[in-house]
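Written below as structure tokens is the structure these notes are about.
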Amino acid sequence: MEILTKLVKQTEEALNQLYGLDEIDVSFEQTNSKFNGDLTLVVFPFLKFSKKRPEDTAEEIGNYISNQLDEIKAFNVVKGFLNIEFSDKYWLNASKNRFEEGIQVPKIGDNKKIVIEYSSPNTNKPLHLGHVRNNVLGYSICQIFDAVGYEVVKNNLVNDRGIHICKSMIAYQKWGNNETPESSGLKGDHLIGKYYVKFDQNYQKEIQELVSNGIDKEEAKEKSSLMVETRDMLQKWENGDLGTVTLWKQMNNWVYEGFEETYKRLGVSFDKIYYESDTYLLGKEIVQEGLKSNVFFKKEDGSIWIDLTPEGLDEKIVQRSDGTSVYITQDIGTADLKYDEFKMDKFVYVVGNEQDYHFKVLQLILKRLGKSYADGLYHLSYGMVDLPEGKMKSREGTVVDADELMDEIVATAKKQTEELGKTDGMSSKELTELYEVLGIGALKYYLLKVDAKKRMMYDPKESIDFQGNTAPFIQYTYTRIASLLRAAEKVDFKLPKVLNPVEKDLIKLISNYPNVITSAANNYNPSEVSNAVYELAKTFNKFYHEHTILGEQDHNTRGFRITLSNMVGETIKHGFNLLGIKVPDRM
RNA sequence: GGCUUCGUAGUUCAACGGAUAGAAUAGAUGUUUCCUAAACAUUAGAUCCAGGUUCGAUUCCUGGCGAGGCUACCA
């Protein structure tokens, strides 16, 4: 916003001329909608220099700058607030520039690379609502960084090995009867999930039996024959036992086929996938190097630690006494691997906030190791999704399954659409696609409109409501515009002389939109985009209701309103694309 | 216990330290001979408590109350 720079400069000059002030931070904010004006300067900070009442100080500054800038039509003073109002001509020109140039997003990430790791599923069970928030958030952040000019690597680290996978494998071996996705009619990930649950049920039963025979609960957990077999299987896997590895590959492949379907329906994708089975041994050499350089130290039992008490944390283990890695060891190794491969400027982990401590430690360790890339680490820590009944708990079967969730919300979209009956003449293929666009859009928007960092509540009843601050509301606004543009012929027109208030509001929102994107990138927060798009859609509906567009008699006003509508539509589509949500042409 | 995040209308969410705390939904009422009423308009309704910093605090600090997370040689 060119004008803002000029305004700040003039204000600094005014403060200098009037009160002899130098090097003062001047910043304007959007004028509160209850007052007249476009931008507002708060003058309270200058009072001790002006030694005048707030009203008089604001008046003086207002007089000074409005004489210097002819974009300023008027100003008014309310207490210590100086509200600046730009001329209609200024706003009309702004809209003209925007129309001619398209949406210009400041490229704050030019020549920079960012690796964004998200999704990162375990291959022992299907995805649930929590994963959906992760995926939708991760994908949107990728889109946003791409829009501001970063080269983005969408990265997934699949947790495909370990004790939890072995649990499913043991259960499958025991009770699977060679069941396959084909024979069972189950999606691969759901099939494996079934055996994971089966394992746990039998495991719990076994523990109870042991406990009733007078064995301590902790001991029972260790002694359970199922657990012994599972640990044995992990050992075999690590030794490369052919039978174990073959089964492991088979079962993982089923899961991947299942995930692929879910990812596709959610509209997320990846440029680079790491598998933990390839990376879990990484980091050990780095631990040895760190030991030599005294970043780490060894205890008597042979385990290796880092002392983070100077940073206010505690001691953290990086290698067990038996020489095997812990989780953070792998993460150190994988960070190094990423840097070797991509030489990225930033790398982001989209991971829930229960791992805040883990990532704090990881970054500290990388810094202590002197890794040049350590400062580029960012943990996009998002809050858990709670249900009205409380937390999701797999044990208690309150987990909301991702595939079922999508089925339900798409079914709702279908039902709603049919009830409204506005889709005459659309083919069944078009309709199926429309229901997906509306249903999946509603789900994604529901998850993205909340600040990513915050914990949120998922209420199934509310999520299928398509009124108000929802994707279908915004999509509906878009289709109104699309329909309008279909009916409008292309005409030349001159800019009108005056604007009505809603038109001006629309231009303001459209002009400010690129700043919203850079802010969303800086804050790793897609909800800033969703809020801006919602505000725009709401304002457009008001405009649409209050003013006729195609029926407008004045040639220039009519042309201008059509163009304005077009820009609103483009902005909605652009914003929704950043959220990973599609827009329909009809609904 | 230690560390950490969060307490805003009945409910779900907004608000770079700034004006009279915004929306949505649920509640009450109204608007279709007119570009899609999945819309628009009117109405009622909230900052957990007590101190402090500041010209100004939902926002920053301290203490209390309440909720979540972390605190494994698990991942």
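Naming convention: chains lettered A, B, ... in sequence-line order (proteins, then strands); numbering from 1 in each chain.
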*Candidate nucleotides B:C35, B:U12, B:A39, ranked by approach to the side chain of A:I549 - the nearest*: B:C35
_So is the aromatic ring of A:F35 stacked onto the base of B:A19, judging by whether the centres are under 5.5 Å apart and the planes are under 30° apart?_
yes
*Taking atom types as modelled and ignoring hydrogens, do the side chains of A:D331 and A:Y349 form a donor-acceptor contact shorter than 3.5 angstrom?*
no
*Return the value, rounded to whole Å, for the distance between atom CD of A:E276 and atom P of B:C74.*
14 Å
_Gap between atoms NZ and P, on A:K449 and B:A23 respectively (whole Å)_ = 15 Å
*With respect to the phosphate group of B:A75, does any side-chain polar atom (N or O) of A:R320 fall under 4.0 Å of OP1 or OP2?*
yes
*Between atom CG in A:L313 and atom P in B:G2, what is the gap in whole Å?*
17 Å
*Report the nucleotide, chosen from B:C35, B:A19, B:C70, that has the shortest atom-to-atom distance to any side-chain atom of A:V78.*
B:A19
*asked:* Using a 4.0 Å heavy-atom cut-off, does A:P45 contact any base of the nucleic acid, only the sugar-phosphate backbone, or nothing at all?
replied: base
*Scan A:Q355 against the nucleic acid and name what it touches under 4.0 Å (heavy atoms): base, sugar-phosphate only, or nothing.*
base
_Over all strands shown, is A:D465 touching base, sugar-phosphate only, or nothing at heavy-atom distances under 4.0 angstrom?_
sugar-phosphate
*Check every strand shown and say whether A:D356 touches a base, only sugar-phosphate, or nothing at a heavy-atom separation below 4.0 Å.*
nothing
*For residues A:N36 and A:E85, is any side-chain donor paired with an opposing acceptor at under 3.5 Å?*
no
*asked:* Heavy atoms only, 4.0 Å cut-off, all strands: where does A:D386 land among base, sugar-phosphate and nothing?
replied: nothing
_Applying a 4.0 Å non-hydrogen cut-off, can you work out what A:K453 is touching in the nucleic acid: base, sugar-phosphate, or nothing?_
nothing
*Decide, yes or no, whether a salt bridge links A:D189 with A:K125 under the criterion of side-chain N to carboxylate O below 4.0 Å.*
no
*What is the nucleic acid contact for A:S381, judged by heavy atoms within less than 4.0 Å: base, sugar-phosphate only, or nothing?*
nothing
*Go through the side-chain N and O atoms of A:E503 and A:N500 and say whether any donor and acceptor fall under 3.5 Å apart.*
yes
*For residues A:T470 and A:Y446, is any side-chain donor paired with an opposing acceptor at under 3.5 Å?*
no
*Closest to the A:H164 side chain: B:C35, B:A23, B:A75?*
B:A75
*Verify the contact: side-chain N or O of A:K34 to OP1 or OP2 of B:G22, cut-off strictly under 4.0 Å; return yes or no.*
yes
*Could you work out which one of B:C13, B:C74, B:C35 sits closest to the side chain of A:T548?*
B:C35
_Along RNA chain B (nearest heavy atom to each residue), the more 5'-positioned of A:N469 and A:Y458_ = A:Y458
*asked:* Between A:E528 and A:S519, do the side chains contain a donor N or O and an acceptor N or O under 3.5 Å apart?
replied: yes
*asked:* Please determine whether any donor N or O and acceptor N or O are separated by less than 3.5 Å between the side chain of A:T477 and the base of B:A39.
replied: no
_For B:G18, is there a stacking contact with A:F81, counting only centres under 5.5 Å and planes under 30°?_
no
_If you assign each of A:F473 and A:R455 to its closest nucleotide in RNA chain B, which residue comes earlier from the 5' end?_
A:F473
_Donor-acceptor side-chain pairing of A:S277 and A:D160 below 3.5 angstrom_ = yes
*asked:* By the 4.0 Å heavy-atom rule, please label A:K48 as base, sugar-phosphate, or nothing.
replied: nothing
*Counting only N and O atoms by type, is there a donor-acceptor contact under 3.5 Å from the side chain of A:Y203 to the main-chain atoms of A:K221?*
yes
*Using a cut-off of strictly less than 4.0 Å, decide whether A:K542 has a side-chain nitrogen or oxygen near OP1 or OP2 of B:A41.*
yes
*asked:* Over all strands shown, is A:I317 touching base, sugar-phosphate only, or nothing at heavy-atom distances under 4.0 angstrom?
replied: base
*Could you please name the option among B:U12, B:G69, B:U20 that lies closest to any side-chain atom of A:K79?*
B:U20
_Within the 3.5 Å criterion, strictly below it, is a donor on A:R161 or A:N252 matched to an acceptor on the partner's side chain?_
no
_What is the separation between atom CG on A:N353 and atom P on B:C6, rounded to the nearest whole Å?_
10 Å
*Nearest-Å distance, OH (A:Y274) to P (B:A75)?*
21 Å
*Of all the nucleotides listed (B:A41, B:A23, B:A21), which has the minimum atom distance to the side chain of A:Y534?*
B:A23
*Answer yes or no: does a side-chain N or O of A:R486 lie under 4.0 Å from OP1 or OP2 of B:C35?*
no
*Which nucleotide in the list B:A75, B:G18, B:G69 gets nearest to the side chain of A:F44?*
B:G18
_Distance alone, cut at 3.5 Å: any donor-acceptor contact between the side chains of A:T57 and A:S50?_
yes
*Pull up the glycosidic torsion of B:U32 and say syn or anti, syn being anything within 90° of 0.*
syn
_From CD of A:Q467 over to P of B:U11, roughly how many Å is that when rounded to an integer?_
22 Å
*Per-nucleotide pairing state of RNA chain B [Watson-Crick or G-U, under 3.5 Å; [ ] pseudoknot-crossing; | other strand]*: (((((((..((((....[...)))).(((((.......)))))....(((((..]....))))))))))))....
*Taking atom P of B:A39 as reference, at what distance in whole Å does atom CD of A:Q475 sit?*
12 Å
*asked:* Can you measure A:Y275 atom OH to B:A75 atom P for me and round it to whole angstrom units?
replied: 21 Å
*Answer with base, sugar-phosphate or nothing: what part of the nucleic acid does A:F466 contact at a heavy-atom distance below 4.0 Å?*
base
*Looking at every strand, decide which applies to A:N83 at a 4.0 Å heavy-atom threshold: base, sugar-phosphate, or nothing.*
base
*So A:W237 and A:Y280, would you call those rings parallel, tilted or perpendicular, with 30° and 60° as cut-offs?*
tilted
_A:T40, nearest nucleotide to its side chain (from B:A19, B:G18, B:A75)_ = B:A19
*Classify the side chain of A:E29 versus the base of B:C16 as yes if they form a donor-acceptor pair under 3.5 Å and no if they do not.*
yes
